[in-house]
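Everything below concerns the one structure shown next.
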Amino acid sequence: MPRVSLFSPPPGMIGGMRRARRHMLARTGLAWLAMMQVMMLAFPGYLRGGVRTAESQASLEDAIVLMNWGSLVLCVPVVLYCAWPVWRGAWRDVGRLRVGMDVPVALGILAAFIPSVHATWMNAGEVYFDSVSMFVAFLLTARYLETCAQQAVSGQSGGFDEAPLLRSADRLAFWFVVVQILLAGVVGLYWLQTAPQHALAVTVALLVMSCPCAMSMSVPTALAARRAVQLREGGALGGDDARALDRATARIARQSLHGSLAWHLLMTPLAALGWVQPWLAALTMLASSLAVVANAWRLTRMAAPGAAPLAPGLA
């Protein structure tokens, strides 16, 4: 009985798919490495309010200046190299006059990175290099998992019709992105008029949360889990078991799709009120993506060897 997972590469994996996976893994690894370093460099900035003597405060400010420049140096390869697929996808979407998932991601990175560069250069204002590096690292992690899931089901045979699920996910993700971008603009303008010092953080948090990574993963991960079950069973599923597996796959995909949407809708008002910082928005994005993976994994556990009969357990 073969040991397979949601992200097992297909048996006939071609060179292009292998290179794509390798490049994504390299970008993701570099983004995580830079993120950990940037977060350490950002630590002195969180101590600003706790220093009491003037001498200590002056030493801390000097350290913050150096740490900000170090964070800038580390963030440049993250933005230019690690996030390159984002810029390529956003440029393609803009050229086609459409709003894809890369557009709000690109806006979120730019909205956090460019003001941070200006603040570092002028030595005035807040910097968000930690949020930028976290966002890119978490985003690439989610997309790497999505790519592996898509590759796992490439060329998958069987009677399951995933087209309706894919159309539903694409349509929901499109309108979610459109509404979130408009909301980020409106809320950002409101904060700019009422509390300008918080406008940038709120806008960036809303743009980060407008990335529909979890929604776009919902169908591929469910299909990958279905493939894992089929391979484990040796392709011998038929009759009631095959139909039950198809129904469970559709149910898991819809649960992940609607659950991730509900999570974003729950967090969006909190971000609009200024209660969610950009780094926390990035963390919630990663959490929703991992929840989608965990939900798809449940499908393989329901049909695991030694579990209840397949059809009753999945129906």
Side-chain angles (χ1 to χ4, degrees), residues 5-7 9 16-42 71-93 100-114 116 128-152 169 173 176-177 180 204-205 207-221 224 256 260 263-264 278-294 296:
S5 72
L6 273 66
F7 310 108
M17 296 169 64
R18 190 174 291 106
R19 283 193 300 274
R21 183 181 288 214
R22 217 169 31 232
H23 289 165
M24 286 199 70
L25 185 59
R27 286 189 170 94
T28 304
L30 178 59
W32 273 89
L33 181 62
M35 179 197 75
M36 291 185 288
Q37 301 301 317
V38 170
M39 293 205 52
M40 287 191 296
L41 294 177
S71 297
L72 170 59
V73 171
L74 289 170
C75 264
V76 168
V78 172
V79 172
L80 295 183
Y81 170 70
C82 298
W84 172 247
V86 173
W87 308 123
R88 183 176 56 200
W91 183 258
R92 184 177 58 246
D93 289 340
M101 65 182 299
D102 284 316
V103 173
V105 172
L107 291 175
I109 294 174
L110 290 174
F113 183 71
I114 293 178
S116 297
Y128 299 96
F129 294 125
D130 53 344
S131 299
V132 172
S133 58
M134 286 180 68
F135 181 34
V136 174
F138 294 164
L139 171 73
L140 293 180
T141 300
R143 291 196 176 182
Y144 177 74
L145 295 175
E146 180 184 1
T147 297
C148 292
Q150 289 173 340
Q151 290 180 347
F176 173 79
V177 168
Q180 284 287 106
V204 171
L207 287 173
V208 168
M209 294 181 62
S210 67
C211 176
C213 295
M215 284 182 275
S216 67
M217 292 174 61
S218 57
V219 177
T221 53
S256 296
S260 57
W263 175 251
H264 280 282
W279 66 267
L280 183 56
L283 190 59
T284 61
M285 182 201 67
L286 177 65
S288 62
S289 298
L290 295 179
V292 167
V293 174

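Contact of the S289 side chain with the T141 side chain is not registered, since no non-hydrogen atoms from C-beta on lie closer than 4.5 Å. The closest side-chain heavy-atom distance from V204 to Y128 is not below 4.5 Å. Proximity of Y144 to R27: side-chain heavy atoms (C-beta onward) are nowhere separated by under 4.5 Å. Taking the side chain as every heavy atom from C-beta outward, R22 and R19 approach each other to under 4.5 Å. For the pair E146/C213, no side-chain contact is recorded, criterion being any heavy-atom separation below 4.5 Å from C-beta on. Between S216 and M101 there is a side-chain heavy-atom pair separated by less than 4.5 Å. Between R143 and V86, some side-chain heavy-atom pair lies under the 4.5 Å cut-off. Within the 4.5 Å cutoff, the side chain of F129 has heavy atoms near those of the F113 side chain.
To the nearest 0.5 Å, atom CE of residue M217 and atom SG of residue C148 are 9.5 Å apart. A distance of 12.0 Å separates CD1 of I109 from OG of S131, quoted to the nearest 0.5 Å. Interatomic distance, CE of M35 versus OG of S71, reported as 13.0 Å (0.5 Å rounding). With rounding to the nearest 0.5 angstrom, the CG atom of L107 is 12.0 Å from the SG atom of C211. To the nearest 0.5 angstrom, L25 atom CG is 11.0 Å from L30 atom CG. Note: L74 CG to L33 CG = 8.5 Å, rounded to the nearest 0.5 Å.
Minimum interatomic distance between A205 and A281 (heavy atoms only, all atoms of both residues): O-CB, 3.7 Å. Among all heavy-atom pairs drawn from A169 and V219, the shortest one is CB-CG2, 4.1 Å. Of all the heavy atoms in A137 and T28, the pair that sits closest is O-CG2, 4.5 Å. Taking both residues in full, the closest heavy atoms of L140 and A31 are given as CD1-CB, 4.1 Å, listed atom of the first, atom of the second, then distance.
In this structure L110 satisfies the side chain to side chain contact (heavy atoms under 4.5 Å, CB included) test together with W87, I114, sequence neighbours excluded. Scored by the side chain to side chain contact (heavy atoms under 4.5 Å, CB included) test, L290 finds L145, L286 as partners (sequence neighbours excluded).
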*asked:* M134 vs V208, test: side chain to side chain contact (heavy atoms under 4.5 Å, CB included). Steps then yes/no.
replied: CA-CA 11 Å; M134 286 180 68; V208 168; over 6 Å; no

*Does the side chain to side chain contact (heavy atoms under 4.5 Å, CB included) test come out yes or no for V177 and V103, once each step is laid out?*
CA-CA 9 Å; V177 168; V103 173; 5.8 Å; no

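Within the 3.5 Å criterion, the main-chain N or O of M17 finds a donor-acceptor partner in the side chain of Q151.
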